[in-house]
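Here the structure is laid out as structure tokens; the discussion comes afterwards.
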Amino acid sequence: MKELLSLFDGLLAFGRDGNWKMIVMWIIGGVLIYLAIKKEMEPTLLLPIGFGCIIMNFPGSGAAGPLQTLYNAGIANELFPLILFIGIGAMIDFGPLLSNPKMMIFGAAAQFGIFFTLCMASIFFPDFRDYASIAIIGAADGPTSIVVANKLGSHYVGAITVAAYSYMALVPIIQPPVIRALTTEKERKIRMTYKPKNVSKATKILFPIIITVVACIFAPDAGALIGFLMFGNLIRECGVLDSLSETAQKVLANLITIFLGITIAFNMTASQFLNVNTLLIMALGLLAFIFDTAGGVLFGKLYNVFAKEKINPMIGAAGISAFPMAGRIVHKMGLKEDPQNFLLMHSIGVNVSGQIASVIAGALILKIFVPML
């Protein structure tokens, strides 16, 4: 106990010497590590981000050089997020979406936060390269945020990257209160029957190819985003690359996620993080996630006004791109209200559609703003 008190006194003295910002960053890193280990909230993201945040905020830290190299090699040139998209694509089963295509509209509705934040960010950041990049945090898709911010040449790529990945990992904290605030107990208990339709192998193979071709025609600047995601899915569905698909889903995705997490921490030094603009970007990013969730849920409630067969409006919240976290959150909330209410297949179908919708939203942002560069 005396050792702990001595350590605490030492930290206070260190803070009084003008190093309070470093202590704040250590606390932030510690909280992220706590959430990763104790709460098991996306540990593959939060643990490396939290640990990297701590080591980057020691005076003269030797970690800065290696992390700068990793940042230049993997994030500044968009390599890490695009490779990660191959792994994500290999994880995704588009079967639930293809058997019930109407789920796509819920994925689209959950992108409302992007365009709302676009308007809000333009008030505080006059440069279109910045407010357009900040808005895409609402895609709930770290790779898309990095690619868009880099292509537009935003001055705040680091802060945008930190916000996008931090909030992706924190959706289990962000989403449930919003969902509960916008739904009644009766609505949360609505049961949905799952009637899977047979989707042919040919359809599953053609789907990623067609989506890529269409995206490249209408938004060529986003060709890499869509292409890498759909290539990963093609590896999964072609049936002749099972070992490669398994490697992409597990080894590749996990390895790149670790690299991304620790590299993101390169931008979490006190001087970069604890300033008005960065904190404002974090606030706008949180706003984007909240309005994404609200947009999906409210669209679900609107759908029920006209539909004969009611849907559980909570599944609209799964339309954000945080895959598969958002889908699992909705499923768990449904089980909590009614232990016999299984929403997983519906919520995952919406979640998958949100993955596509977020990339399309990123493509629209690029199509609108790239010509202005």
Side-chain angles (χ1 to χ4, degrees), residues 42 45 81 85 88 104-125 128-152 154 156-179 182 219 222 225 229 264 277-300 316-323 325-327 329-330 350-369:
E42 292 305 310
L45 270 177
F85 255 27
I88 293 173
M104 180 64 80
I105 61 175
F106 297 102
Q111 309 308 311
F112 171 73
I114 296 175
F115 300 99
F116 177 81
T117 306
L118 181 71
C119 300
M120 293 298 295
S122 65
I123 298 173
F124 303 101
F125 297 88
F128 74 88
R129 293 174 296 178
D130 295 328
Y131 66 72
S133 299
I134 292 167
I136 209 64
I137 294 172
D141 187 340
T144 300
S145 297
I146 293 172
V147 170
V148 170
N150 277 327
K151 283 190 178 295
L152 292 180
S154 171
Y156 303 103
V157 175
I160 289 166
T161 303
V162 169
Y165 274 98
S166 298
Y167 290 139
M168 274 178 61
L170 295 175
V171 289
I173 292 176
I174 297 170
Q175 283 203 305
V178 179
I179 296 171
L182 294 174
L225 280 173
L229 180 70
I264 286 167
N277 284 338
T278 300
L279 296 177
L280 186 55
I281 289 170
M282 296 296 291
L284 288 167
L286 177 60
L287 191 71
F289 270 66
I290 290 172
F291 275 86
D292 277 345
T293 303
V297 172
L298 292 175
F299 186 83
I320 71 169
S321 179
F323 176 85
M325 293 173 281
I329 288 166
V330 169
V350 175
N351 202 183
V352 166
S353 73
Q355 182 72 64
I356 298 175
S358 69
V359 179
I360 292 174
L364 287 174
I365 293 291
L366 290 176
K367 189 172 180 63
I368 293 168
F369 291 103

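Please read these numbers as outputs of a predicted model, since none were measured by experiment. Along the sequence shown, residues carry numbers from 1.
Between V359 and F85 the shortest side-chain heavy-atom distance falls below 4.5 Å. Two residues are said to be in side-chain contact when any heavy atoms from C-beta on lie closer than 4.5 Å; T144 and S321 fail this criterion. Residues T293 and L182 fail the side-chain proximity criterion, which asks for heavy atoms closer than 4.5 Å. Residues S358 and I320 are not in side-chain contact: their nearest non-hydrogen atoms beyond the backbone lie 4.5 Å or more apart. Under the 4.5 Å side-chain criterion, counting only non-hydrogen atoms from C-beta, Y131 is not in contact with L284.
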Please tabulate, one pair per line, all N/O donor-acceptor pairs under 3.5 Å involving side-chain atoms of residues 109-120, not counting sequence neighbours.
residue	atom	partner	partner atom	Å
Q111	NE2	G107	O	2.9
Q111	NE2	G319	O	3.2
T117	OG1	G113	O	2.6

List the atom pairs, with distances to 0.1 Å, where a side-chain N or O of residues 163-173 and a protein N or O form a donor-acceptor pair under 3.5 Å, not counting sequence neighbours.
residue	atom	partner	partner atom	Å
S166	OG	V162	O	2.6
Y167	OH	M282	O	2.7

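Evaluation of the ring-ring contact (aromatic ring centres under 6.0 Å, His included) rule for F323 yields no partner, not counting sequence neighbours.
The CD1 atom of I134 sits 11.0 Å away from atom CG of L152, with the distance rounded to the nearest 0.5 Å. Here S133 contributes atom OG and I146 contributes atom CD1; the two are 12.0 Å apart, rounded to the nearest 0.5 Å. In this structure, the separation between CD1 on I136 and NZ on K151 is 13.5 Å, given to the nearest 0.5 Å. For the atom pair CG (D292) and CD1 (I174), the distance works out to 10.5 Å, reported to the nearest 0.5 Å. How far CG of D141 is from CD1 of I88: 6.0 Å, rounded to the nearest 0.5 Å.
Nearest heavy atoms, S154 versus D130: OG-OD1, 3.0 Å. Closest non-hydrogen pair, I137 versus S145, comes out as CA-OG, 3.8 Å. Shortest non-hydrogen contact noted between Q175 and A317 is NE2-O, 2.9 Å.
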In sequence, state the C-alpha distance, the side-chain angles, and the governing distance for V148 and F369, and then conclude on side chain to side chain contact (heavy atoms under 4.5 Å, CB included). CA-CA 10 Å; V148 170; F369 291 103; over 6 Å; no
In sequence, state the C-alpha distance, the side-chain angles, and the governing distance for F289 and V178, and then conclude on side chain to side chain contact (heavy atoms under 4.5 Å, CB included). CA-CA 10 Å; F289 270 66; V178 179; over 6 Å; no
